[in-house]
2 protein chains.
Amino acid sequence: MRAQRPNSREKILAAAADVARESGPGSLSLEAVASRAGVSKGGLLYNFPTKAKLMQGLVEGYLRDFEQALETANGNDGGANPLAVYIKLSANDCEEKQPSASWIFSAIAEDPDFMTPIKTFKQQLFERLKGETNDLKSLLVCYVAIEGLRSMNLFDSGVLSKDERELLVASLLEIAGSPDAEQASGMQS
Amino acid sequence: MRAQRPNSREKILAAAADVARESGPGSLSLEAVASRAGVSKGGLLYNFPTKAKLMQGLVEGYLRDFEQALETANGNDGGANPLAVYIKLSANDCEEKQPSASWIFSAIAEDPDFMTPIKTFKQQLFERLKGETNDLKSLLVCYVAIEGLRSMNLFDSGVLSKDERELLVASLLEIAGSPDAEQASGMQS
DNA sequence: TTGACAAGACCGTCCAGACGGTACAGTAAA
DNA sequence: TTTACTGTACCGTCTGGACGGTCTTGTCAA
């Protein structure tokens, strides 16, 4: 890969996310993104030759960031319960006021296939958690609950108060950590 | 032949849902819906004067059906645990192969405000469940988990196998069904 | 019973505008 | 000179929506 100015790419990606969040997922036009990023339409098309590539960039950046955050969180927590780490990380993500990934709706509207990388990522994550958690029931409940929390954040549904969210996370951590002794290295698949 | 006066509306609504599911949420055009419903574009515009009205019809129908299903389910179950009833009902919904409400993405793309009726509905539902459930922790976990299940169904993510789904639902019912057990320790076997 | 007529339900066509994308000439820095 | 853009002009396609016309049904006077 050539050494390019990463500045524009990132700015464009951020601008796209902003536009999607503020103007609605259906109003994500190239012109809007370009103007928001402080870049001409030609410049945008220079970085992302097509709208699909823009979306792909959004997805890849999201996945990259997520994976990285998860890795460092796991590293910081030593060999502790990976499910608990995932719960905490996700809860933190959902604590943000702005739905961080509402551009996803734009991507889906553009082409549902943009979801496949995210789907496989989640699948792998779930499989990994299955290998690292000894109680399937707890894992299922926690994983799906986190998925629910993420979805509620994405849809910006304000059903849960802050207290309730905290109580929920505490309960989930309890569920994740309660079965017998938490052992980090159980069976691997 | 009788003029299928109210019939057309339903047919159009169903066609819209089908088109959204099959052609992708971004390809929900009036022409596609009309042809799918076996109706001309003019006929469609007669029933729904604008695309926004179509979406509104979709939302209202969805909410109406949901409410009705919940009511009858609650009626059939006597005065039993409403949370358990909600869990069962939602699990059944998610058992369907086709994401029943993928038109939601179309609606969001069109205008995010279409979500507000759904949001307030969910809010009311949650408040009602809060009033009818004595253990807030169990309610939180179950409600969010169901939300997660719904979201996974909506995004058509095939992470959970059928067995896992069933195990999950059983676990949730277990959590929901301990009416007097305070301090959510109901997860252990 | 019949014929006229109004209203409702639906069809087919047309159009302005927006959008994604292309082409290309210019430019400033490294 | 090359790289990395900017800016403008433009094209083809698609879409929502308007509009006028058509067919069907119900009503009612004669």
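Here is how names work: the chains are called A, B, and so on, in the same order as the sequence lines, proteins then strands, and each is numbered from 1. Keep in mind the model is a prediction, meaning the values are calculated, not measured. Keep in mind that the numbers below use all heavy atoms, side chains included, and drop hydrogens, waters and symmetry copies.
- A donor-acceptor pair is defined here as one N or O able to donate and one able to accept, closer than 3.5 Å; no such pair exists between the side chain of B:Glu110 and the backbone of B:Met55.
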Which atoms of nucleotides 14-19 of chain D (N or O only) lie under 3.5 Å from a protein N or O atom, and what are those distances?
unit_1, atom_1, unit_2, atom_2, d
D:dG16, OP1, B:Lys51, NZ, 2.5
D:dG16, OP2, B:Leu30, N, 3.0
D:dG16, N7, B:Lys41, NZ, 2.8
D:dG17, OP1, B:Thr50, OG1, 3.3
D:dG17, OP2, B:Thr50, OG1, 3.1
D:dG17, OP2, B:Lys51, N, 2.8
D:dG17, N7, B:Lys41, NZ, 3.0
D:dG17, O6, B:Lys41, NZ, 2.6

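- If you take CG on B:Leu125 and CG on B:Leu70, they are separated by 6.0 Å, rounding to the nearest 0.5 Å.
- The phosphate of D:dA4 (OP1 or OP2) has no side-chain N or O of A:Ser8 nearer than 4.0 angstrom.
- With 3.5 Å as the limit, one finds no donor-acceptor pair spanning the side chains of A:Arg150 and B:Ser151.
- For B:Gln123 and B:Glu127, the side-chain atoms include no donor-acceptor pair closer than 3.5 Å.
- Closest approach of A:Ala15 to A:Val33, counting heavy atoms only: CB-O, 3.9 Å.
- Taking atom CZ on A:Phe48 and atom P on C:dG20, their separation rounds to 15 Å, with Å as the unit.
- At the phosphate of D:dC5, neither OP1 nor OP2 sits under 4.0 Å from any side-chain N or O atom of A:Ser40.
- Rounded to a whole Å, the OH atom of B:Tyr46 is 18 Å from the P atom of D:dT22.
- In this structure, A:Phe105 has its ring center closer than 6.0 angstrom to the ring center of A:Phe155.
- Side chain of B:Asn47, nearest nucleotide from D:dC5, D:dG7, C:dC10: C:dC10.
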